[in-house]
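All chains are named by letter (A, B, ...) in the order of the sequence lines, taking the proteins before the strands, and each is independently numbered beginning at 1.
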Amino acid sequence: MINILCVRWGDKYDDHVEKLKLQVENHCSLEFKFFCLTDKPKYSYDIQLPTTWDHNYDPKRNGFWAYRKCYMFNEELFPQLDGDEFLYLDLDILIHNSLDPLFDRDMSHPWIVRGWWNDSNNSKKNYGMIKSTPLNSSIVRWNRSQLAPVYNHINRFAEYVFFTYSTIDNYFNHFWYDIYDEDLNIEQISSSKKLFKGFERGVAYSWYKGNIFPNDMQLNVIRPENMVCLFNNSHSVSSGKMGDEHMYEIDEVRELWNT
Amino acid sequence: MEYIKYTPELSNNWSRALSGVAKQKPWAVQRVEHSMTSSQLESKLWLGTELLKVHPEPFNNAMIIGGWFCHFLAEVLASNNNVKFMCNYDICRESQLISYKFNRRLKDSDVYIASQRNVFTNKLENTQLAKGEIDLVINTSCEHMFPMQMIKDRHFKNTYPLCVLQSTDDDQYDDHINCVKDLDELTEQAGLIDVMYAGEKILSNGMKRFMVIGR
């Protein structure tokens, strides 16, 4: 059984879950169960989020603010999740094309969005400064227990991780991905640092950052040939600059979102 | 200590390192430039001077945390403070590779190694552990990382290496995730109970740096 998950906490994305569920139903022909991990369960698909790591989160620093997304990497916490295949989707996405290909791929390693809009050299240059991560956790595809090492690592080093990393994507980049060897084939991946494999071009693009560096970088355009459009902007959120508009405030996007 | 001796051997290493970065890693050129400013040199010369006053004897095995390209520091420690062996831990692979270029002479003489490793969550290099007890721990960039107490708890439960720590109160940069307001806070963060030196200095770039030396 396939589990398609999202995570919602607080009230900001209250109406997005149902929209996401509809989008998934329209774009996945496989049998699946849809769940939302949330701090305020209301609907049949809602699952209560744990609060284990709450004490590590300092609202003033707002570091590692999306930590609640990482609970799902320990499937044993959620008895409702009885399958072996998992797909996580952010709430603020627009699905253009079938998600089925995400379930027909080599699963020797879990997959995460590789933001192809990032300049690799910039990511390398800024690696030590904990910014310019090439990863984006808006879409994660894994099989049961593959991401348990990530959950266990956060659990073990929670104080360190919450203090050090403003975003989970930067954390993933430092501990579970190898920006210096990302062109290797999966068969060559062996070290634990190379846990994640980045989705190929065409799976996801960013409304705010573009598609593929350096030639397809126009911002704020729909690219319907891709699978998913992402609207998150981790940097602006983590730095408290919520200047970007909400995705349903964009006419072109709202129209697609509502169909 | 007022300067680094620019010997032919050092000149050879550094000029090759700079041309190698320009040719093979052009994206790192700006970072290397930033690592070689007068302020960077001032803070390392300051370290070398005060450390020599506190501990004139040689050190056998030094651990450098977040040493970046480690050109100035490695040379200061080797030539001024008689450090027989040092390992520079940095999470960035480029830093590791580029630091080897700058410190080729020290690497070849078994004085310097560089490790791409996070020492807050991982073990130390076997090569370093094989050298015997670590007697010197240096971190000149404490503002970039978690408080140093964690390093002591993780790696030095039963030993008491001399620690040399630098930090700043300049919190205008995103990657300065752990600035301190004063020397007391820096000392407290590292859990130092025997402070042999504590001082502050305004560098030529205007940044205030704190430095404590102790166990």
**Prompt:** Can you name the residues that form a side chain to side chain contact (heavy atoms under 4.5 Å, CB included) with K124(A), not counting sequence neighbours?
**Reply:** N121(A), I179(A), Y180(A), W27(B), E94(B)

**Item:** Nearest-0.5 Å distance that lies between atom CD1 in I91(B) and atom OG1 in T164(A)
**Value:** 9.0 Å

**Prompt:** Side chain, backbone, both or neither: which part of K131(A) has a heavy atom under 4.5 Å from chain B?
**Reply:** neither

**Prompt:** Considering residues, nucleotides and ligands other than R223(A), do more than 12 of their heavy atoms fall under 6.0 Å from its CZ?
**Reply:** yes

**Side chain to side chain, F175(A) and T121(B), heavy atoms closer than 4.5 Å** = yes

**Request:** Could you tell me which residues in residues 48-60 of chain A have at least one non-hydrogen atom under 4.5 Å from a non-hydrogen atom of chain B, sorted by residue number?
**Result:** none

**Prompt:** For chain A, which residues from residues 136-160 of chain B lie under 4.5 Å away (heavy-atom distances)?
**Reply:** M145(B), F146(B), P147(B), M150(B), R154(B)

**Request:** Report yes or no: do D90(B) and Y127(A) form a side-chain donor-acceptor pair below 3.5 Å?
**Result:** no

**Side chains of M129(A) and H176(B) in contact at under 4.5 Å (non-hydrogen atoms)** = no

**Asked** Tell me, side chain or backbone of F157(A) under 4.5 Å from chain B's heavy atoms, or both, or neither?
**Response** side chain

**Gap separating the CD1 atom of I177(B) from the OG atom of S166(A), nearest 0.5 angstrom** = 9.0 Å

**Message:** Taking atom OH as the centre, does Y6(B) end up with more than 12 heavy-atom neighbours from other residues, nucleotides or ligands that are less than 6.0 angstrom away?
**Reply:** yes

**Request:** Report yes if some heavy atom in the side chain of V161(A) is under 4.5 Å from a heavy atom in the side chain of F120(B); otherwise report no.
**Result:** no

**Counterpart residues, ring pair (Phe, Tyr, Trp, His ring centres under 6.0 Å), relative to F210(B) (two or more places apart)** = none

**Request:** Answer yes or no: are there more than 12 heavy-atom neighbours, outside R105(A) itself, under 6.0 Å from its atom CZ?
**Result:** yes

